[in-house]
Amino acid sequence: MSDAEIEITADLVRDLLRDQHPDLAGLDIREVVGGWGNQMWRLGGGLAVRMPRTEGAPDLLRKEWRWLPVLAPRLPLPVPNPVRIGEPSARFPKPWTVMTWVPGEPLDHTSISRGEHAADTLAAFLTALHVEAPEDAPVSEDRGEHPKKCTDGFDHFFHAVVPDGLADEVRAVWDDAVAAPEWEGPRLWVHGDLHPANVVVSDGTLSGVIDFDAVFAGDPAWDLAAAWVVLPAGATSRFFDAYARADEGTIRRARGLAALKSLFLMLMGRNGDRGLPGGKPAWGPAGRAALDRVLRGHVS
């Protein structure tokens, strides 16, 4: 049976737990809707099982297993922490993990009502995360480059979904990012994939960050794009004032990357509306709102 033919069910998850972690097998198991490279199952009240379902997902799980215990202790928001590893077996030929559960509602299914608080919270989180990474920290194969090296991806998203009447404005933001100077600082720890499905909200503000499988060392602009992609309108300047470490060039790169990410979210939303594999209907409205913030959200 190939990987693609394996149906990941609650019974399979429970059988794997019985085989390798029997002390957890009696906990309630509930499927969590969503996910990309992994299918997630809630395990009891405080844990989650992540089951890889794409070719590259196992390597990303191993990366989280290696580095999240290093990063998590200094971060001011809850993040998933690995507590058990599942080894490949005849029943499931890939590694899998048991992680701590981060409570809250993903932002692509809710909203932030306390924008200033969320801006301060995100700034504190990224200030704590963005420290110099060690020599053996991972690099990214598809993130972390200067925007000028991402023009093919931007053009693909741009031609697919840029709204009528906004093309010139969006292109101007991107061109400004491409013209911005390179990151010349040390390689910093970067989450790499901050968007509405990867942050959670409680009581109207950010309460956790999830999905660290893209984590890498490099240019912090890739995370600072969240000032437009994650935060509500009017919170961008507050965020950068609180973060207080981004120079003009970094902000320009971040804004362009926010445009790229907004278009990507819109494309995934359109794919979801059309029922295409991997599509996420909730991401379309989130991406369109983020794009509006990018176009209106100059940092003073």
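Using a 4.5 Å heavy-atom threshold, the side chains of Val13 and Leu43 count as separate. Val131 is listed as a side-chain neighbour of Arg74, based on a closest heavy-atom distance under 4.5 Å. Contact annotation: the side chain of Val201 never approaches that of Ser111 to less than 4.5 Å [non-hydrogen atoms, C-beta and beyond]. Within the 4.5 Å cutoff, no side-chain heavy atoms of Ser262 are placed close to those of Phe157. Between Arg252 and Pro181 the shortest side-chain heavy-atom distance falls below 4.5 Å. Leu295 is listed as a side-chain neighbour of Val170, based on a closest heavy-atom distance under 4.5 Å. Within the 4.5 Å cutoff, the side chain of Leu61 has no heavy atoms near those of the Pro95 side chain. The side-chain heavy atoms of Met266 and Leu263, taken from C-beta on, include a pair separated by under 4.5 Å.
Applying the side chain to side chain contact (heavy atoms under 4.5 Å, CB included) test to Val190 and every residue at least two apart in sequence or in another chain returns Phe216, Trp222, Asp223.
Judged by distance alone, the side chain of Thr250 and the main-chain N or O of Ala221 form no donor-acceptor pair under 3.5 Å. For the pair His195 (side chain) and Gly287 (backbone), a donor-acceptor distance under 3.5 Å is absent. Between the Arg293 side chain and the Leu231 main chain, a donor and an acceptor come within less than 3.5 Å of each other. Judged by distance alone, with hydrogens and angles left aside, the side-chain atoms of Glu182 form no donor-acceptor pair with the main-chain N or O of His146 at under 3.5 Å. Under a 3.5 Å cut-off, the side chain of Arg50 and the backbone N or O of Met40 do not form any donor-acceptor pair. Using a distance-only test at 3.5 Å, with no hydrogens or angles considered, no donor-acceptor pair links the side chain of Arg14 to the main chain of Leu17. Remark: side-chain polar atoms of His21 are paired, donor with acceptor, to backbone N or O of Ile85 under 3.5 angstrom. Listed for the Arg30 side chain is a donor-acceptor partner under 3.5 Å among the backbone atoms of Gly44. Side chain of Arg255 to backbone of Asp176: no donor-acceptor contact under 3.5 angstrom is found.
Contact detail for Gly115 and Pro232: the closest heavy-atom pair is CA-CG, 3.7 Å. Closest non-hydrogen pair, Ala214 versus Asp193, comes out as CB-CB, 4.0 Å. Taking all atoms of both residues into account, the shortest heavy-atom contact from Pro82 to Leu68 is CD-CB, 3.8 Å. For Gly192 against Lys261, the heavy-atom pair with the smallest separation is O-NZ, 3.8 Å. Closest non-hydrogen pair, Leu206 versus Ala118, comes out as CD1-O, 3.9 Å. A pairwise comparison of heavy atoms in Ala72 and Val79 identifies CB-CG2, 3.7 Å as the closest pair.
Remark: Arg91 does not engage Asp19 in a salt bridge, criterion side-chain N to carboxylate O under 4.0 Å.
A distance of 10.0 Å separates NE2 of His130 from NE2 of His191, quoted to the nearest 0.5 Å. Rounding to the nearest 0.5 angstrom, the gap separating the OH atom in Tyr243 from the CG atom in Leu126 is 6.5 Å. The CG atom of Leu265 sits 10.0 Å away from atom CG of Leu291, with the distance rounded to the nearest 0.5 Å. Rounding to the nearest 0.5 angstrom, the gap separating the CE atom in Met51 from the CG atom in Leu12 is 5.0 Å. Expressed to the nearest 0.5 Å, how far CG of Asp11 lies from CZ of Arg18 amounts to 8.0 Å. Rounding to the nearest 0.5 Å places CD1 of Ile29 at 9.0 Å from OG1 of Thr9.
In the hydrophobic clustering of this structure, Leu194 groups with Leu267; members are Ile, Leu, Val, Met, Phe, Trp, Tyr whose side-chain heavy atoms approach within less than 4.5 Å, directly or through other members. Note: the hydrophobic cluster containing Ile112 also contains Phe125 (ILVMFWY, side chain heavy atoms under 4.5 Å, direct or indirect links). Cluster membership check: Val70 shares its hydrophobic cluster with Met99, using side-chain heavy-atom separations under 4.5 Å among Ile, Leu, Val, Met, Phe, Trp and Tyr. In terms of hydrophobic clustering, with Ile, Leu, Val, Met, Phe, Trp and Tyr side chains grouped at heavy-atom distances under 4.5 Å, Phe158 and Trp283 are assigned to a common cluster. Under the 4.5 Å side-chain contact rule for hydrophobic residues, Phe92 and Trp41 share a cluster.
Atom CD of Glu55 sits in a sparse spot, with 12 or fewer heavy atoms from other residues, nucleotides or ligands closer than 6.0 Å. With a 6.0 Å radius and a threshold of 12 heavy atoms from other residues, nucleotides or ligands, Asp168 has its CG atom at or below the threshold.
Note on ring orientation: taking the six-membered ring where Trp is involved, the planes of Phe154 and Trp174 are parallel (angle under 30°, cut-offs 30° and 60°).
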(request) Applying salt bridge (charged side-chain N to carboxylate O under 4.0 Å, His left out), run through Asp59 and Arg62 and close with a yes or a no. (result) CA-CA 5 Å; Asp59 288 340; Arg62 292 188 186 98; 3.0 Å; yes
(request) Let me see the working for Thr97 and Asn38 under side chain to side chain contact (heavy atoms under 4.5 Å, CB included), right down to the final yes or no. (result) CA-CA 10 Å; Thr97 56; Asn38 299 283; over 6 Å; no
(request) Could you please spell out the steps behind the side chain to side chain contact (heavy atoms under 4.5 Å, CB included) verdict for Arg84 and Asp23? (result) CA-CA 11 Å; Arg84 304 284 181 89; Asp23 58 313; 2.7 Å; yes
(request) Could you check Asp203 against His117 for side chain to side chain contact (heavy atoms under 4.5 Å, CB included), going step by step and ending with a plain yes or no? (result) CA-CA 11 Å; Asp203 299 322; His117 188 281; over 6 Å; no
(message) Working note: Asp211 + Glu64, criterion side chain to side chain contact (heavy atoms under 4.5 Å, CB included); need CA distance, chi angles, decisive distance, verdict.
(response) CA-CA 9 Å; Asp211 202 347; Glu64 286 189 320; 4.3 Å; yes
(message) Between Phe240 and Trp228, does the ring pair (Phe, Tyr, Trp, His ring centres under 6.0 Å) criterion hold? Intermediate values first, please.
(response) CA-CA 11 Å; Phe240 281 107; Trp228 294 274; 5.6 Å; yes
(message) Does Arg288 form a salt bridge (charged side-chain N to carboxylate O under 4.0 Å, His left out) with Asp292? I'd like the steps, not just the answer.
(response) CA-CA 6 Å; Arg288 184 63 175 86; Asp292 286 343; 2.2 Å; yes
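For the salt bridge (Lys or Arg N to Asp or Glu O under 4.0 Å) with Asp219, the lone residue among Lys149, Arg253, Arg187, Arg143 that qualifies is Arg253.
For residues 102-121, every residue pair satisfying the salt bridge (Lys or Arg N to Asp or Glu O under 4.0 Å) rule, not counting sequence neighbours, is listed here: Glu116-Arg238, Asp120-Arg238.
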